[in-house]
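Report on the following structure.
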2 protein chains.
Amino acid sequence: MSEPADFAARREDVGAQLHRVLRRILAAETALLDARDVEMWDYAVLAALRDGPAQKQAQLAAAIGRDRTRLIASLDRLAGRGLVERDPDPDDRRNRIVTLTPAGRELLDACRGDIRAMEAELLADVPEADRAAFLRALDRLAERAST
Amino acid sequence: MSEPADFAARREDVGAQLHRVLRRILAAETALLDARDVEMWDYAVLAALRDGPAQKQAQLAAAIGRDRTRLIASLDRLAGRGLVERDPDPDDRRNRIVTLTPAGRELLDACRGDIRAMEAELLADVPEADRAAFLRALDRLAERAST
DNA sequence: TATTGTTATACTCTATAACTATA
DNA sequence: TATAGTTATAGAGTATAACAATA
């Protein structure tokens with residue numbers, strides 16, 4: 001059971017715990033990405049483009065929870081390495097459509113593989129009986145947090 | 001089941017999801033603390049002192065995962081409001097023992113109540129069958145992340 | 001010399017607001 | 001005028017190194 005009374009009696013805040021866990025994950029992730037010469041936010045951009053091009057940069061920025069002005073440095077780096085392309089939208093030339101290149105997808109998949117392996121190792125600490133429930137709960141919380 | 005294969009097929013990285021969830025929690029938490037004129041890190045300091053005084057400031061800083069130099073602004077603020085006390089350790093006068101005052105404990109409990117209520121509301125989105133497992137898993141991950 | 005608390009400096013990151021080009 | 005992308009400026013947050021007191 002997880003009634004309000006039980007929850008209130010927990011030693012630590014959920015926020016504090018999440019903060020600690022996330023910090024560890026980010027540290028491990030940064031190291032992995034560093035080995036492939038990819039910055040954290042650049043990886044986030046690549047990952048956001050995985051399911052298809054972004055019609056606007058502002059849209060892309062919103063998708064990863066960033067300001068559109070801070071997205072630009074990432075796009076400059078990525079475009080400079082041929083990992084993404086920025087093409088003007090013929091229908092409205094103010095917009096630039098951002099697309100993943102084959103090289104970009106290749107690098108993304110490599111990074112993602114590294115990161116998934118690291119996360120799987122981390123989750124191995126969680127008793128197997130709770131693992132699926134944890135991931136389901138996280139899906140729900142993350143979905144709710146994006147709106 | 002949550003086998004490696006299933007996990008690798010997840011749409012989003014766990015890190016990205018945690019990042020999104022934590023951002024939402026921190027935003028809500030900041031608003032609650034703001035209403036009581038308490039800064040986030042100051043709250044972390046109060047919470048860390050809940051189970052007893054800290055023998056050294058450096059120790060306290062490590063407990064909340066902060067640099068000892070950045071702890072000082074918090075302690076200055078808190079001591080200025082009479083929420084904590086910094087007393088020189090008689091055995092080693094280099095050290096300063098940090099203690100929660102009654103007023104500090106009162107404010108801490110009030111803030112904590114606000115935050116727990118907010119977190120409980122957030123967790124209400126998670127199907128009840130998964131809630132306890134999620135919290136158990138989080139306990140485990142957080143414990144592992146602190147070492 | 002080493003350690004604790006503290007202060008000072010430089011650096012990074014972030015937020016805000018301007019600028020351009022299109023519409 | 002309004003919007004998308006971009007650039008520039010100022011502010012907050014962070015890391016690093018120095019400093020004084022004590023051991």
Side-chain angles (χ1 to χ4, degrees), chain A residues 15-16 19-20 22-24 26-27 29-31 33-34 37-45 48-49 53-80 83-99, chain B residues 15 19-20 22-24 26-27 29-31 33-34 37-45 48-49 53-80 83-100:
Chain A
H19 185 250
R20 202 126 36 81
L22 182 61
R23 175 151 51 184
R24 191 193 194 87
L26 288 184
E29 199 169 321
T30 300
L33 291 174
D34 217 56
D37 200 29
V38 176
E39 298 195 17
M40 181 83 61
W41 281 112
D42 296 7
Y43 170 71
V45 170
L49 294 173
Q55 299 304 317
K56 295 181 183 183
Q57 291 185 187
Q59 207 177 65
L60 177 57
I64 64 174
R66 264 203 131 194
D67 196 280
R68 72 201 164 113
T69 66
R70 279 177 287 155
L71 177 69
I72 295 182
S74 286
L75 291 180
D76 287 346
R77 270 189 300 272
L78 295 171
L83 301 170
V84 303
E85 270 182 11
R86 279 181 289 195
D87 302 306
D89 180 354
D91 292 346
D92 184 341
R93 305 223 321 276
R94 291 175 300 185
N95 302 345
R96 302 181 77 174
I97 300 173
V98 186
T99 315
Chain B
H19 184 252
R20 202 125 37 81
L22 182 61
R23 174 152 51 186
R24 191 193 194 88
L26 289 184
E29 198 169 322
T30 301
L33 291 174
D34 216 57
D37 201 28
V38 176
E39 299 195 17
M40 179 84 61
W41 282 111
D42 296 8
Y43 170 72
V45 171
L49 294 173
Q55 298 305 316
K56 297 180 183 182
Q57 291 184 186
Q59 208 176 66
L60 177 57
I64 63 174
R66 259 198 136 200
D67 196 280
R68 70 199 165 117
T69 66
R70 279 176 287 155
L71 177 68
I72 295 182
S74 285
L75 291 179
D76 288 345
R77 268 189 300 272
L78 295 172
L83 301 170
V84 303
E85 269 181 11
R86 277 180 290 194
D87 302 305
D89 179 353
D91 293 346
D92 184 341
R93 306 223 320 277
R94 291 174 302 185
N95 301 346
R96 302 182 78 174
I97 300 173
V98 186
T99 316
L100 208 56

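When reading the values below, keep in mind they use all heavy atoms of this one structure, side chains included, and skip hydrogens, waters and symmetry mates. We name chains A, B, ... by the order of the sequence lines, and we start the count at 1 in each one.
- Atom pair B/Met40:CE and D/dG13:C1' shows a separation of 14 Å (rounding to whole Å applied).
- As rounded to whole Å, 14 Å separates atom C1' of D/dA4 from atom CD of A/Gln55.
- For B/Arg24, there are no side-chain hydrogen bond (donor to acceptor under 3.5 Å, both in side chains) partners, not counting sequence neighbours.
- Residues meeting the side-chain contact (heavy atoms from CB on, under 4.5 Å) test with A/Arg66, sequence neighbours left out: A/Trp41, A/Ile64, A/Arg70, A/Ser74.
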Polar-atom pairs under 3.5 Å, protein N or O versus N or O of nucleotides 10-12 of chain D: list them with distances, or write none.
none

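- As rounded to whole Å, 13 Å separates atom C1' of D/dA20 from atom CZ of B/Arg96.
- With sequence neighbours excluded, no residue satisfies side-chain hydrogen bond (donor to acceptor under 3.5 Å, both in side chains) with B/Thr30.
- In terms of the salt bridge (Lys or Arg N to Asp or Glu O under 4.0 Å) criterion, residue partners of B/Arg77 (sequence neighbours excluded) are, by chain and number, B/Glu39, B/Asp42.
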Output side-chain donor-acceptor pairs under 3.5 Å for residues 84-91 of chain B, partner residues at least two apart or in another chain, one line each.
unit_1  : atom_1 : unit_2  : atom_2 : d
B/Arg86 : NH1    : B/Asp76 : OD1    : 3.2
B/Arg86 : NH2    : B/Asp76 : OD1    : 2.8
B/Asp89 : OD1    : B/Asp91 : N      : 2.9

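- Residues forming a side-chain hydrogen bond (donor to acceptor under 3.5 Å, both in side chains) with B/Arg96 (at least two apart in sequence, or on another chain): none.
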* Structure fact -> Each nucleotide of nucleotides 14-23 of chain C classed B (base within 4.0 Å of a protein heavy atom), S (only sugar-phosphate) or -, in 5' to 3' order, makes SSBB----BS
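- For A/Arg94, the side-chain contact (heavy atoms from CB on, under 4.5 Å) partners two or more places apart in sequence, or in a different chain, are A/Asp92.
- DNA chain D forms stems at C:1-23 with D:1-23, each a run of 3 or more consecutive Watson-Crick or G-U wobble pairs whose two key distances fall under 3.5 Å.
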